Structures are given as structure tokens and as C-alpha cells.
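In this text, all values refer to a predicted model and were calculated from it rather than measured experimentally. Only this structure's heavy atoms are used, side chains among them; waters, hydrogens and symmetry mates stay out.
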Amino acid sequence: RDGFISRDPDNKNIYLKNAEDYKVKLGNLDQQFQKILSGCEKKVLVHGGHFAFGYLARRYHLQYAAAYGFSPNAEPRPEDLVNLSKTLRKNGLKYIFYEELISPRVAETVAKETGVSLLLLYTGHNVSKEALDGGVTFNALMQKDLEHLKAGLQCP
């Protein structure tokens, strides 16, 4: 908001209104996540990628297990994959999550070994050219995430 205003002060009121409108949309989205995820049967999010959803898990009171640390270029250790498999089995989970724009190879490997299925989650900070050209929005991506989390965590 402030960056737009500094570049285009004549339209300050438009930017202020748009920012307030967007805050309301984000607040509504957060309330949807709170409401749906608080009622899930499962409270463990297992991710076959790097540690991309830790904030989401913490905010919505979920346990979180990821294949490897913060770098999307890192490789998980064999014991990391074993731990993910154990977590899936121990918690009776039917899904492992993977993220867009990063190879789902690790999630696929764990899924094959455990018999679970894959579900996509969007991080929201990157989109494909096709999605951008199609007019995708952050809210739309987060709605898809909520639907996938709802399925994966067995929410009513």
C-alpha cells in the first residue's frame, strides 16, 4: 500500500481502500481456516518437501513433519524418509502433501512405500506462468489449500 502511494500519491484513497478491503478478505480466509481445521480428525500434516508450512501448522495448531529443512534444494536423509513413513502410519494418515513448483519425488517415494495418496499445497509466494496468465489470486490458492487440508486431515 505505502509503496503504491509513494509512487502515485494522487490515488492514495484508492490504495487505502483496496488495502483495507484486502485485509478483510484475509481475515475471512483466516477465520475459514480456523473453523475448518479446528474440527479435523487428524492434526498431523506430513509434507514430502522442505519446511514450507511450519507457520501454517503452528497458526492452526497442527503437528508438522517435513522431509527436510528449509532449503528446497536439500536432499532428505534416509532416516528422514523412514520417520515420515512412521508418522504417517502411527497417525493413520491417508495423505502426504507436496508443494507446487518443486518436484514431488520425495512425497511420491514415501507415498509408494506407505500406500498413501498425494495432495498438493500451494505456498502462495510463487505461481507458474500459466497460473499467473490465468489470473490466479492468493485467496484462490489458499482456498484450494484449505480444501486439500480438509481432505487430508479428515475434517467434516
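Residues G92 and Q154 approach most closely at O-NE2, 4.0 Å, considering heavy atoms. Nearest heavy-atom pair across Y68 and G48 is CE2-O, 4.4 Å. Nearest heavy atom pair, residue L153 against residue V44, reads CD2-O, 3.2 Å. Nearest approach of E108 to L118, heavy atoms of both residues: CG-CD1, 3.6 Å. Smallest separation of non-hydrogen atoms from F97 and L121: CD2-CG, 3.5 Å. Closest approach of P9 and S6 over heavy atoms only: CD-O, 4.0 Å.
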Could you walk me through whether N139 and L26 pass side chain to side chain contact (heavy atoms under 4.5 Å, CB included), step by step? CA-CA 8 Å; N139 265 3; L26 292 175; 3.9 Å; yes

Kindly determine whether E20 and K23 satisfy salt bridge (charged side-chain N to carboxylate O under 4.0 Å, His left out), including the steps that lead there. CA-CA 5 Å; E20 288 308 310; K23 285 179 188 177; 3.4 Å; yes

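The aromatic rings of F51 and Y64 stand perpendicular to each other, their planes meeting at an angle above 60°, with 30° marking the opposite boundary. The aromatic rings of Y15 and F4 lie parallel to each other, their planes meeting at an angle below 30°, with 60° marking the opposite boundary.
For R1, the salt bridge (Lys or Arg N to Asp or Glu O under 4.0 Å) criterion is met by no residue, not counting sequence neighbours.
Separation of atoms CE (M142) and CG (D30) is listed at 12.5 Å; rounding is to 0.5 Å. Considering CG of L146 and CG of L29, their distance stands at 7.5 Å, rounded to 0.5 Å. Interatomic distance, L62 CG to R59 CZ, rounded to the nearest 0.5 Å: 12.5 Å. Atom CD1 of I5 and atom CG of N13 lie 8.5 Å apart (nearest 0.5 Å). Expressed to the nearest 0.5 Å, how far OG1 of T123 lies from NE2 of H50 amounts to 7.0 Å. Taken from CZ in F53 to OH in Y122, the straight-line distance is 10.5 Å, to the nearest 0.5 Å.
Shown here is K144, whose NZ atom has no more than 12 heavy atoms of other residues, nucleotides or ligands within 6.0 Å.
Using a distance-only test at 3.5 Å, with no hydrogens or angles considered, a donor-acceptor pair links the side chain of K42 to the main chain of N91. Judged by distance alone, the side chain of H148 and the main-chain N or O of L119 form no donor-acceptor pair under 3.5 Å. Remark: side-chain polar atoms of K43 are paired, donor with acceptor, to backbone N or O of L37 under 3.5 angstrom.
No path of Ile, Leu, Val, Met, Phe, Trp and Tyr side chains, each step under 4.5 Å between heavy atoms, connects L16 with Y22, placing them in separate hydrophobic clusters. The hydrophobic cluster containing L141 also contains L120, counting ILVMFWY residues as joined when their side-chain heavy atoms lie under 4.5 angstrom apart, directly or transitively.
Using a 4.5 Å heavy-atom threshold, the side chains of L149 and L56 count as touching.
Salt-bridge check for D21 with K17: passed, with a basic side-chain N closer than 4.0 Å to an acidic carboxylate O.
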